[in-house]
Amino acid sequence: MALNLDTRQRAMLHAMGITVWLPEPETAPAVLSEALAAPADAPAAAPLADPPAARPVPPPVQEAPPPAPAAPAPVAAPTPARVQVPVQAPPPPAPVIPERERPPRRYVQQPVAGAPGLGWRLGPVRPVYAATPPAGDGGEGGWLILLEPPANSLPLPPAQRPGPDCARTALEGDAARLLDNMLRALNLQDHPRLYSAALHRVQPAAEGQEAPEVPALQPSLEALLRDLRPACVLVLGLATARAVLQRQEALGRLRAEPHRIAGVPAVVSYDPNYLLRAPQAKAGAWADLCHAQAFVTGRQMPPGAASE
């Protein structure tokens, strides 16, 4: 296989030291015979003249772009005329009253700050059942139940109202029926002396208004106990117990300790509204009622027997 190499390629191979061996070209017989028959003195063919060298093409002349027109000088905007606005002086600050000079907030319950029973007032006493005579009959013994009525109570439909034979206290709805069932379990519906009274929270007087004079809680309660002379006071609920006992302990601690109010034994127990939310406390409430019943019947139980 013959290599078709031009002059430049052969020169490159020669410069790299590579020898290219090419076979001799085969001459046709007719051409060879004519070459032999040609006269010796025939002039040799003139060598082909070298092609004229290519003339260099000058690079195109680039014309310079015309100069950009000069930007017009910015014209300053006219300055608006300043309007003189009258400046109002700030109002003088309100005088600050030192803390020690502030008047104390007075409660309706007690005009003297820090007195016992502050923020509470004692409602009228009422018989719980129809068999109980009105208060002030001169008798003694029996029960006095102190409790707190529900705050912001709504009118109940007739189906949820306690019946006419139910215990008549400041409680309403299911709480009233629950207390009635507990009292009837001790056969107290026929007890000759069973009374109840409600403790109402007294809202503080508005700023700038004079608080009306209301009897203090402790003197009112002591006067009521001297009039009724009950054998035991049953205090229902934590708020009521703290108000009448002037203590701040938890309900479990108050239930476990013996108490006396103006010399009358007192037993602390759960609020019936709380028993509706926590039925597991009903056993402890029943033990508290049995403890109070022991004071009424004269069989006094040891202190803390009603606690769990």
Side-chain angles (χ1 to χ4, degrees), residues 107-110 116-130 132 134-135 142-184 188-189 193-205 211-212 214-225 227-228 230 232-248 251 254-255 259 261 266-279 281-282 284-285 288-289 292:
Y107 285 82
V108 177
Q109 166 61 39
Q110 180 60 253
L118 188 65
W120 295 87
R121 65 178 179 86
L122 185 64
V125 65
R126 64 172 69 178
V128 177
Y129 292 105
T132 303
W143 298 66
L144 174 62
I145 303 175
L146 298 178
L147 47 85
E148 180 186 5
N152 302 325
S153 59
L154 299 177
L156 297 177
Q160 297 183 4
R161 296 175 184 174
D165 297 335
C166 185
R168 292 175 293 181
T169 63
L171 300 178
E172 300 176 353
D174 295 338
R177 283 189 285 269
L178 176 59
L179 179 60
D180 177 68
N181 294 336
M182 297 172 66
L183 297 178
R184 289 179 181 273
L188 297 181
Q189 70 275 11
R193 298 182 58 81
L194 183 60
Y195 302 94
S196 71
L199 270 69
H200 301 275
R201 297 176 183 265
V202 179
Q203 299 297 329
V214 177
L217 175 61
Q218 293 299 328
S220 300
L221 180 58
E222 293 176 2
L224 177 62
L225 294 179
D227 186 19
L228 291 180
C232 179
V233 178
L234 180 63
V235 184
L236 301 182
L238 177 61
T240 306
R242 288 180 173 178
V244 300
L245 299 177
Q246 308 175 43
R247 298 178 58 175
Q248 296 298 323
L251 184 63
L254 297 177
R255 291 180 55 242
H259 306 282
I261 304 175
V267 176
V268 178
S269 187
Y270 297 100
D271 184 4
N273 288 284
Y274 172 77
L275 296 177
L276 295 176
R277 301 189 302 268
K282 290 183 179 180
D288 296 336
L289 256 67

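Keep in mind that this is a model prediction, so the values were computed, not measured.
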Using a 4.5 Å cut-off on heavy atoms from C-beta on, say whether the side chain of [Y] contacts that of [X].
X	Y	result
Arg177	Asp174	yes
Lys282	Tyr270	no
Leu179	Leu147	yes
Leu144	Leu224	yes
Leu245	Ile261	yes
Leu122	Leu199	yes
His200	Pro149	yes
Arg201	Glu148	yes

How many angstroms lie between [atom1] in [X] and [atom2] in [Y], if you round to the nearest 0.5 Å?
X	Y	atom1	atom2	value
Ile145	Leu171	CD1	CG	9.0 Å
Arg247	His259	CZ	NE2	5.5 Å
Leu289	Leu183	CG	CG	6.5 Å
Leu236	Leu275	CG	CG	8.5 Å

Exercise for the section: Could you walk me through whether Leu146 and Leu221 pass the side-chain contact (heavy atoms from CB on, under 4.5 Å) test, one step at a time? Expected result: CA-CA 10 Å; Leu146 298 178; Leu221 180 58; 3.9 Å; yes
Work out which heavy atom in [X] is nearest to a heavy atom in [Y]; give both atom names and the distance.
X	Y	answer
Leu217	Ala243	CD2-O, 3.8 Å
Pro272	Ala175	CB-O, 3.8 Å
Val128	Tyr195	CG2-C, 3.7 Å
Val267	Cys232	CG2-SG, 4.0 Å
Ala285	Met182	CB-CE, 3.8 Å

Problem - Evaluation steps, side-chain contact (heavy atoms from CB on, under 4.5 Å), between Asp271 and Leu238 - result: CA-CA 8 Å; Asp271 184 4; Leu238 177 61; over 6 Å; no
Problem - Check: Arg126 side chain, Ser196 main-chain N or O, donor-acceptor pair, under 3.5 Å - result: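 No; judged by distance alone, with no hydrogens or angles, the pair does not exist.
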